[in-house]
Amino acid sequence: MSSFGLSLLFSAVFMPAGAVVGASAYLRVRRVRSLLADGAQTQGVVTRLEAREMSGPSETGGATFRSFGTTVYHPVVSWSTEAGRPMETRNVIGRPLHRTPPAGTEVTVFYDPARPSRWTMPSEGTAIFGVFVAVGAVFVAIGTGFLLGGVLRVF
């Protein structure tokens with residue numbers, strides 16, 4: 001394969017992967033910040049914790065986690081909308097037990113009144129998603145570099 005073809009191949013891998021990762025993480029950051037700024041606010045109670053063991057590589061090509069075998073906990077929060085609709089929602093962020101609010105803890109919930117299934121807690125930070133935005137941007141930059149390098153070699 002020529003160096004131009006190899007550059008195009010690397011570009012075709014890095015740019016879309018970076019764009020997908022970065023855009024997905026950015027949308028998550030934007031949604032959480034929007035809910036914290038403009039969402040309706042109510043009080044909820046952590047009713048239980050759902051445990052999940054971090055998995056390692058599998059025969060089906062699963063992801064490898066540095067925390068292989070570690071159990072993380074997702075708080076399940078019960079709360080009601082302003083309209084009185086009862087909700088029970090599970091936080092997507094799993095944390096170690098010592099960093100997860102225990103059952104019975106009152107928590108603040110911010111939600112979209114038009115779509116109450118879109119909700120967040122103030123403790124659901126955006127820092128980790130900011131890292132993924134940056135990683136996505138770096139991948140797009142690397143892919144762009146491969147593309148420009150390949151094109152400049154042709155001319």
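The residues of the chain are indexed from 1 along the displayed sequence.
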Taking [Y] as the starting point, is it possible to reach [X] by hopping between hydrophobic residues whose side chains are less than 4.5 Å apart?
{"X": "V29", "Y": "V92", "answer": "yes"}
{"X": "F4", "Y": "L147", "answer": "yes"}
{"X": "L6", "Y": "F14", "answer": "yes"}
{"X": "I142", "Y": "V13", "answer": "no"}
{"X": "M87", "Y": "V46", "answer": "yes"}

Starting at [atom1] of [X], measure out to [atom2] of [Y] and round the result to the nearest 0.5 Å.
{"X": "E88", "Y": "R48", "atom1": "CD", "atom2": "CZ", "value": "4.5 Å"}
{"X": "N91", "Y": "T100", "atom1": "CG", "atom2": "OG1", "value": "9.0 Å"}
{"X": "L49", "Y": "T71", "atom1": "CG", "atom2": "OG1", "value": "12.0 Å"}
{"X": "L9", "Y": "F146", "atom1": "CG", "atom2": "CZ", "value": "9.5 Å"}
{"X": "Q41", "Y": "D38", "atom1": "CD", "atom2": "CG", "value": "12.5 Å"}

Contact check, side chains of [X] and [Y], non-hydrogen atoms, under 4.5 Å:
{"X": "T108", "Y": "Q43", "value": "yes"}
{"X": "M15", "Y": "T144", "value": "yes"}
{"X": "W79", "Y": "Y111", "value": "yes"}
{"X": "V72", "Y": "H74", "value": "yes"}
{"X": "V32", "Y": "F129", "value": "no"}
{"X": "V107", "Y": "M121", "value": "yes"}
{"X": "V77", "Y": "T47", "value": "no"}
{"X": "P96", "Y": "Y73", "value": "no"}

Got a sec: does the [atom1] of [X] have more than 12 other heavy atoms crowding it under 6.0 Å?
{"X": "R30", "atom1": "CZ", "result": "no"}
{"X": "F139", "atom1": "CZ", "result": "no"}
{"X": "E106", "atom1": "CD", "result": "no"}

Is a side-chain donor or acceptor of [X] paired with a backbone partner of [Y] at a separation under 3.5 angstrom?
{"X": "S24", "Y": "V21", "answer": "no"}
{"X": "S11", "Y": "S7", "answer": "no"}
{"X": "T81", "Y": "R85", "answer": "yes"}

For this session: Taking all non-hydrogen atoms of both residues into account, name the closest pair between P122 and L36 and its distance.
Result: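 Smallest heavy-atom distance, with atoms named: CA-CD2, 3.9 Å.
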Exercise. Looking at D112 and L35, what are the two nearest heavy atoms and their distance?
Worked result: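 Minimum heavy-atom contact is N-CD2, 3.6 Å.
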